[in-house]
Colleague: 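I am attaching a structure below and will ask some questions about it afterwards.
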Amino acid sequence: MTRAADIFREGALDGAAVFVTGAGTGIGRAIAERLARLGAVVGGCGRRAEPLDQTASAVAAAGGRFVPIPCDVRDADAARTALAEFASRHGLTGLVNNAGGQFYAAAEDIRPRGWQAVIDLNLTAVFHLCQAARPLFRGGGSILSISLTGAERGALGMAHSVAARSGVAGLTKALALEWAADDIRVNCIAPGTVATPAFQANSTPELRDRLRRETPIRRLVEPAEVAEFVAFLLSPAAGMITGQILRVDGGSFLAAPVDMRPAGLGKEAA
């Protein structure tokens, strides 16, 4: 049975070659699986080989092509090399900067090392991969970065992540302007709370219920919904969309800021 999120015909992305970071789990796995089902060859980057192999098995079972690429995107040289090797074998039409993460802490409790770790993963690594992809596109391409709705409306307990993702939003606009003449589109998707398996396993029912109540459309975002929107933005149908921060959040941008500060403030969460 076709899921409600699936709107593209099979083969809609035949000939596409897309490099997806954080492809071993969660949103990244959903994106990789969907793009491969639509005909793209997907290079899936991630720190650990085992989750990538699981994604590869799921893609292969559906008849798609997935190249597992163990690599830490925070290592700029290794990430550039991995991207170049994928492009040399398959070409490159799209880059999806999905890898990211943060811990939750009150701003006054974030130490310099924790701050830098979040900035390195969520902003600096994105810039390095965008820069590396630029000369590898032939005849245009599409870059997408996965961010957070909270980067625009603010969020409590996430000052480091909000700062990094806000940087990605600015970078998106700057690169869209600089690279438009070469038909390279650069956009950013800002999801609300996504019901990934990891989030479901590591959050309490009370937190999930509260986040649903705070979303005008009273449910969390499904990974498949983000994946389908990624497919659209990588497709020719989105050929005139660039420099945009596009929300997939059920209207949560319009609601009160999310509060992710841990209980018992005064202790750093990581």
Colleague: Without hydrogens or angle criteria, can the side chains of T149 and R247 be said to hold a donor-acceptor pair below 3.5 Å?
Modeller: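 Side chains of T149 and R247: no pair found under 3.5 Å.
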Colleague: Is the number of heavy atoms from other residues, nucleotides or ligands within 6.0 Å of CZ (R48) greater than 12?
Modeller: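 For R48, atom CZ is not crowded (no more than 12 foreign heavy atoms under 6.0 Å).
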Colleague: For the residue pair T172 and I245, establish whether any side-chain heavy-atom pair is separated by less than 4.5 Å.
Modeller: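 Yes, at least one pair of side-chain atoms sits under 4.5 Å.
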Colleague: To the nearest 0.5 Å, how far apart are OG in S142 and CG in N187?
Modeller: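 CG of N187 is found 6.5 Å from OG of S142.
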Colleague: Below 4.5 Å, heavy atoms only, C-beta onward: do I146 and P191 meet side chain to side chain?
Modeller: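 Answer yes - side chains close enough.
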Colleague: Find out whether F137 and W179 are in side-chain contact, i.e. whether some heavy atom of one side chain is under 4.5 Å from a heavy atom of the other.
Modeller: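 When only atoms from C-beta onward are counted, W179 and F137 do not touch, as no gap falls below 4.5 Å.
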Colleague: Stepwise, does the side chain to side chain contact (heavy atoms under 4.5 Å, CB included) test hold for L83 with L136?
Modeller: CA-CA 9 Å; L83 179 60; L136 301 176; 3.8 Å; yes
Colleague: Just checking I217: does its CD1 atom have more than 12 heavy atoms from other residues, nucleotides or ligands closer to it than 6.0 angstrom?
Modeller: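 Atom CD1 in I217 is not crowded, with 12 or fewer foreign heavy atoms closer than 6.0 Å.
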Colleague: Scan side-chain atoms only and decide if Q102 and R165 contain a donor-acceptor pair under the 3.5 Å cut-off.
Modeller: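 The answer is yes; a qualifying pair exists.
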Colleague: Is the closest side-chain heavy-atom distance between I31 and R29 below 4.5 Å?
Modeller: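 SC-SC contact between I31 and R29 ruled out.
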Colleague: Taking everything shown except R47 itself, do over 12 heavy atoms lie less than 6.0 Å from its CZ?
Modeller: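 No, not enclosed.
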Colleague: Kindly indicate whether the side chain of F103, heavy atoms from C-beta on, has any atom under 4.5 Å from the side chain of V118.
Modeller: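 SC-SC contact between F103 and V118 confirmed.
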Colleague: Using the side chain to side chain donor-acceptor pair (under 3.5 Å) rule, pick out the option among H128, E85, Q131 that qualifies with R80.
Modeller: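 Testing R80 for a side chain to side chain donor-acceptor pair (under 3.5 Å) against H128, E85, Q131 leaves exactly one candidate, Q131.
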Colleague: To the nearest 0.5 Å, what is the distance between CG (L207) and CZ (F199)?
Modeller: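 Answer rounded to 0.5 Å: 5.0 Å.
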Colleague: For R208 and S203, what are the C-alpha separation, side-chain angles and deciding distance, and is it a side chain to side chain donor-acceptor pair (under 3.5 Å)?
Modeller: CA-CA 7 Å; R208 294 194 296 274; S203 61; 3.0 Å; yes
Colleague: Work out which heavy atom in V59 is nearest to a heavy atom in A32; give both atom names and the distance.
Modeller: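 Looking at all heavy atoms of both residues, the shortest contact is CG2-O, 4.4 Å.
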Colleague: Heavy-atom distance under 4.5 Å between the side chains of T196 and I27, does that happen here?
Modeller: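 They are in side-chain contact.
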Colleague: Heavy atoms, side chains only, cut-off 4.5 Å: are P68 and F66 in contact?
Modeller: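 The answer is yes, as the side chains (C-beta and beyond) meet within the 4.5 Å cut-off.
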